[in-house]
Amino acid sequence: MIDHFTIFSKAGAVLWSFSSCKLKGNPVNELIKTVLLEERSSQSSFNYFSQTLKWIFANEFDLVFVAVYQQMLNMFYIDQLLEEVKRCFVEMFRTRLLKIDGEPYDFNQQFFSLLRDFEKTAEESRIARKVPQFTRKTPAPKGAAHTSSAPSTSSEGDSATPAAGATPSAEPNPTAAENSAVRVPSPVADAAPSPQQAVPAPPGTPSPSSSPSPSPSPSPPPSASPLPGLGSSIDPSDILRQKGVRPRGGPGRFVPKPNSSPKPDKKPGKTMRRWDDNLTPEEMAALNRSRPAAPQPPRPAPPPATESALRPPTGPIDLDAPLDNEEPDEEPQSDEEPQSGTWGEASTEELLAGSSARPQGASPAGGAEKTRVGGMFSFFKGLAGQRPIDEGMLQPVLDRFRQVLLRKNVAQDIADRLCQSVAASLVGKKVPTFATLTNTVRTTLEESLTRILTPRRNIDILREIAAAREVHRPYVMVFCGVNGVGKSTNLSKVSDNLHPQLDDNSNIFAFSLPHLHDIILSKGPRGRRCGRSSFHFFRIPTPTASFPRLPTTPLHPPPTRRPQIAFWLKQNGVKVLIAGCDSFRSGAVEQLRGYGKDAASIAFAAIEHARQQRYDCVLVDTAGRMQDNEMLMQALVKLVNTNNPDLVLFVGEALVGNDAVDQLGRFNSKMVEGSHHQIDGIVLTKFDTIDDKVGAALSMVYTTGHPILFVGTGQTYTDIRRLNVRTVIRALLK
Amino acid sequence: MLLNGTIGGIISLCAIVITFILLRWRKKNVGNRVAFVGLSDSGKTVLFHQLRLGKPWPTQMSMRESEDDILVTDPRGKPLSLHILDMPGHSRLFYRVKEVLPTVRGVLFVVDAASFGENKQAVAEYLYDVLANPHVSKNRVPVVLVLNKTDEVARRKEGANENAALTEKEGEELVEHMSTQLANEIDLLRRTRAGSHGSMSDLSGSRAAGAAAAASDFVFLGDQKHSFAFSQLANPIRFCCASAQRGEADQVQKALSWIATR
């Protein structure tokens, strides 16, 4: 069912992997590239072709666990499986994880037994008619928490204590008895092991107070937890029973742990379940089995454990499940030996039955010893700041950073996701000896910001123009964006050197929109304003008499007056043609009557012309459009589709906050769905107006993952820059 | 009070001593660091594990660097210790390479020879960034270009079987071919890069600041008057072939000892 499972270190070494079939493409690499390196690990799954990937980190060891499966299969147990595998794997190879010593990590047996268990339970649950899967989720993470992080125990301790307090108030409930009856078979079976339970129990008792202790003691129970937890949800007989009895039975069932370990019995229950539907005599037999046990466990009142309390009584099955889930949690901390003992016992037994070589089941006693040693050192560990980071302590710090980001104009959604992603990469890690948590978070955040803002693909426009020149075709760049962000201004910055080339091309016509005249004429040399300038050059396929042919002279400023991106290209000896395709702006229509209003065909004609006349580069200016104007967006898509430009640049202004994400996201998605071409880069304008509120830069880059190619920093033609990542980050975190 | 003071004193003394030791240890480490750089999927991590373990190890795209000490023997057979760093190749992580380059004694630039045709532009850009790094160019850090995956190149030849390998002569031809191609690319790049914008050095975006930044962050490689060739560089450059996946890394070993003895 699982196509691929791999465990690798962030440094790139695969520790263990397994494939059940040939994968399509390289999904894991894709996951790293598009999710993990882009700080999107706050999302929970990733689809690649028809495959779905899920992953978790073991930050302490810089490991990543990835499972790949077919999208169609709704595999609800993947999350738990990942947690379980992580726990087992880390436990097994704890000492060998930081450095690869060349020995293979032999994990096959454990993995397959885990997988088998999960698949079995899943299968059974399916038969048991869609037991709500979320009930299962709770146990597994808990188990993992025990093993990996000390702090988590404390919280569990809290929840556990009330539970323990509640236990005494056991009120025998007739319905509860019925319910319990179902489970009875197993308690009986487990009766023998119960003496042994005492052994694991002691380690459990001290655990709540001392941080290190949890790691050894929980080991036996967590291993068991998935199985029982799952078993609980699946347990067919239970489910059937409860349907009838449910209202009272649900609550009543909760606390009888001392005398009966409910989980173990589930296994037999499951098998019976299938027959149950058929109502075979065997089913009857199974029922009989449960009956004798029924009298035994009267169910005490449910412990007011947080989970159970919170869980909505969705269905009979749910009620069942929370109970089961809680048990694993309580076990390590709660002082009731019998209970925890049963647990450990059951788990070992089950494990031994299902999977012969599970490491944890082996030595509860050894675990106890470990605990004590750990306790001794915990003090020093605390001194040295070696406490692993957990979410609780991370939250306030991250909140502060979130506020800082928001203040810098970063879109809220993005600030949230970034913080989540940073949290995901920090939980379980240890604060370095001489650093504070705040510092650690800051460094991590800085790193991820650097990663986001560093371009994924180096776009060297001049180099690409040179490559295009070699094959005798013009390099086409399209500028698009919402109204008034400075598309034309920055386009002219890119293309200034256009003018000299115009001279020898008489069939290039220049049109100035109404305000162009002021712009051209009111400029002094250098430092002229070219804001809102719109230079429009295009070729007239067949000049018509009605078409006003403007004198080209005003468009040829002396060489010292260089208009901004065009200016730069010209300086580098690139022959540039500008195609003004904002055919629907006011004032444009009359002038463009000869061509019609179709921007796509104007651009096409311009490119064709450029090809014939050996232009190196065509800059296509488009009219500003709001991202929610469907018609205009379609026109843009059509333009991109027909002309297949080399580069589509989105022009956005640095002043926007949350809207940047929406603008860019909508432009990009429209483009992708319409033309399979996406926005390749961003021109960020008006950067000189925002002081240190540089958040838009981050929002835009994060949204598409595409780099900021140019930053417009003023209104003169030379005011165009590359983005300096370090400056931006400094401003962001100031 | 007195006791507290004494304890405080002892602790601070310990801290100072420890810092001192750490610093020295660091320094010692810096002296023999060799960074493995190159594009993603060129085989850096495989080579890294090959060198430290002596056998291939399955790998995945790296997200952070890994490091280890290895021993190489110099020509006279004396063992030398080198600290090798396997840098991630993804361009998003290039900032890490930038941070590490100023501390290295040598650079191993790994190129995927099998896909060089499609990637040569990207390879050249990366190589340019490495060679133009202030530390690398100023201190004449030796750079070894490792043409990896030669087995795949060999397999592409007509009539080659699964286990085909490049002969020595073919290897030399490959080196020759790739070095000229790379030189051409760099020649082009240094022209286009000279024309790129200055980066904004501060948020005010003043022109003077921009111009200054442009001047400082661009390094023109080689001789202005002639088209670029690797011989124009002050850095010692060396080419070698390898097939890390197959464990053929003898030339790399030699190149490493060459770095270590320089």
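Below, read A as the first sequence line, B as the second, and so on, with proteins coming before strands; counting in each chain starts at 1.
For A/K10 (side chain) and B/S62 (main-chain N/O), no donor-acceptor pair under 3.5 Å exists by modelled atom type. With hydrogens and angles disregarded, a donor-acceptor distance shorter than 3.5 Å links the side chain of B/W57 to the backbone of A/V14.
Interface residue A/D62: only side-chain heavy atoms are found under 4.5 Å from chain B. Only the backbone of A/E103 comes within contact range of chain B, with at least one heavy atom under 4.5 Å from a heavy atom of that chain. If you measure heavy-atom distances from A/I100 to chain B, the contacts under 4.5 Å come from both the backbone and the side chain. In this structure, the portions of B/P58 lying under 4.5 Å from any heavy atom of chain A include both its backbone and its side chain.
If you take OH on B/Y95 and CZ on A/R726, they are separated by 11.5 Å, rounding to the nearest 0.5 Å. Atom CZ of A/R451 is separated from atom OG of B/S91 by 12.5 Å, given to the nearest 0.5 angstrom. In this structure, A/L36 CG and B/H90 NE2 are separated by 10.5 Å, a value rounded to the nearest 0.5 Å. Considering OG1 of A/T454 and CZ of B/R96, their distance stands at 12.0 Å, rounded to 0.5 Å.
Around the CZ atom of A/R96, the shell of radius 6.0 Å holds more than 12 heavy atoms that belong to other residues, nucleotides or ligands. Counting heavy-atom neighbours within 6.0 Å of B/Q181 CD, excluding the residue itself, gives a total above 12. Atom NZ of A/K429 is surrounded by more than 12 heavy atoms from other residues, nucleotides or ligands within 6.0 Å.
Ranked by non-hydrogen atom pairs under 4.5 Å with chain A, the options B/E125, B/M61, B/R52, B/R92 are led by B/R92.
A/R463 places a side-chain heavy atom less than 4.5 Å from the side chain of B/E185.
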In sequence, state the C-alpha distance, the side-chain angles, and the governing distance for A/F8 and B/M63, and then conclude on side-chain contact (heavy atoms from CB on, under 4.5 Å). CA-CA 11 Å; A/F8 58 92; B/M63 284 184 275; 4.0 Å; yes

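Scanning both residues, B/D86 and A/A11, for their nearest heavy atoms gives OD2-O, 4.0 Å.
The contact list for residues 36-51 of chain B toward chain A, using heavy atoms and a distance under 4.5 Å, reads B/T45, B/H49 by residue number.
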